[in-house]
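Residue numbers run from 1 in the order of the sequence given.
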Amino acid sequence: MKKLMAILLVVLCVGAWGQETKPATAAPEPSKVDALLKMNTEINLLMGIVPMGMTREQYTKLHDALVASRDEAVKEQKAQEVKEADALKKMDAKVRAAYDRAFKGDDPGEEYYKAWDAMLTASAVDRTNLRIKTVKAIAEKVKAIFTDEQYKKGVDSAKEAIKKASGGKLPDPKKFGDDSMFRYYVENMLMGDLSIELLDKLSK
């Protein structure tokens, strides 16, 4: 018993890669590497935000709008997770029956696989639609805060990013209009905790 307790103490006191962990009461300090990686990400975000030429008032409005949108998105995400959990619970009997068959070396059957795949597909579609809805709603808020010139800069920024990512090809304007490009800009440059932190700093 004493030997077991000693082993448990070693496991609790030693972290990943054999390094000693800090007491639970001490907040973990980010490593220099993590800090540099974060700074690099922030550099990329700042190059998509600062050139917009926003005023401090705009920074504040944008920050507040994004915080409110994030909170709403979190609520909708949790509701989606509950919906997915309910769908999985309805599969209870099928999963248990399939498990019993698999445990004996028997194939669970095509019906089971189709039911499982259908559940995953439905969840994926719901998540995609939720993402599209969220991005569209946030883009409308941002557009209301931006001037026409800033909106155009956002569109141009998105086109340039897509051009670089696709080997020099611009998106087809017939399929992707300015609003689509602006939503791309908003999703990639403004929707995220780091962007919100930067906007707060820029508003000071």
Enclosure of Lys61 NZ (heavy-atom neighbours >12, cutoff 6.0 Å): no

Glu84 and Met119: CA distance, side-chain angles, deciding distance, side chain to side chain contact (heavy atoms under 4.5 Å, CB included) verdict: CA-CA 8 Å; Glu84 291 175 4; Met119 179 188 67; over 6 Å; no

Answer yes or no: is there an ion pair linking Asp71 with Lys75, defined by an N-O contact shorter than 4.0 Å? no

Minimum side-chain heavy-atom gap Glu111-Lys94 below 4.5 Å: yes

Check the surroundings of atom OH in Tyr99: do more than 12 heavy atoms from other residues, nucleotides or ligands lie under 6.0 Å from it? no

Say whether Thr128 and Arg131, considering side chains only, have a donor N or O and an acceptor N or O under 3.5 Å apart. no

Result for side-chain contact (heavy atoms from CB on, under 4.5 Å) between Asp64 and one of Thr60, Leu66, Leu62 points to Thr60

Nearest atoms (heavy-atom pairs only) where Glu42 meets Leu194: OE2-CD2, 3.6 Å

Note: Lys153 and Pro51 closest approach over all heavy atoms is NZ-O, 3.1 Å

Quick one about Thr41 and Asn44 (side-chain donor to acceptor, distance below 3.5 Å, no hydrogens or angles considered), yes or no? no

Determine whether the side chains of Asp179 and Tyr151 contain a donor N or O and an acceptor N or O closer than 3.5 Å. yes

Between His63 and Leu199 the two heavy atoms that sit nearest each other are CB-CB, 4.0 Å

Where do Gly154 and Tyr185 come nearest, in terms of heavy atoms and distance? O-CB, 3.4 Å

Student check: side-chain heavy atoms of Ser195 and Met189 closer than 4.5 Å: no

Membership question, hydrophobic clusters at under 4.5 Å side-chain separation (ILVMFWY): are Val67 and Leu198 in the same one? yes

Is Lys152 salt-bridged to Asp178, cutoff N-O under 4.0 Å? no

Do Arg183 and Lys136 have side chains that get closer than 4.5 Å, going by heavy atoms? yes

Validation row: Met91, Tyr112 side chains within 4.5 angstrom (heavy atoms): yes

Could you check whether any side-chain heavy atom of Phe146 comes within less than 4.5 Å of a side-chain heavy atom of Phe182, counting everything from C-beta outward? yes

Please find the pair of heavy atoms, one from Val50 and one from Tyr59, that lie closest to each other, and give the distance. CA-OH, 3.9 Å

Closest heavy-atom contact between Thr134 and Glu76? OG1-OE1, 4.0 Å

Are Ile196 and Ile145 connected in a single hydrophobic cluster, I mean Ile/Leu/Val/Met/Phe/Trp/Tyr linked by side-chain heavy atoms less than 4.5 Å apart? yes

Using the side chain to side chain contact (heavy atoms under 4.5 Å, CB included) rule, take Leu202 and Leu46 through it: C-alpha gap first, then chi angles, then the decisive distance, then the call. CA-CA 10 Å; Leu202 290 166; Leu46 286 168; 4.2 Å; yes

Within a reach of under 6.0 Å around CG of Asp107, are more than 12 heavy atoms found that belong to other residues, nucleotides or ligands? yes

Taking Asp126 first and then Lys83, would you say they form a salt bridge - that is, a charged N and a carboxylate O separated by under 4.0 Å? yes

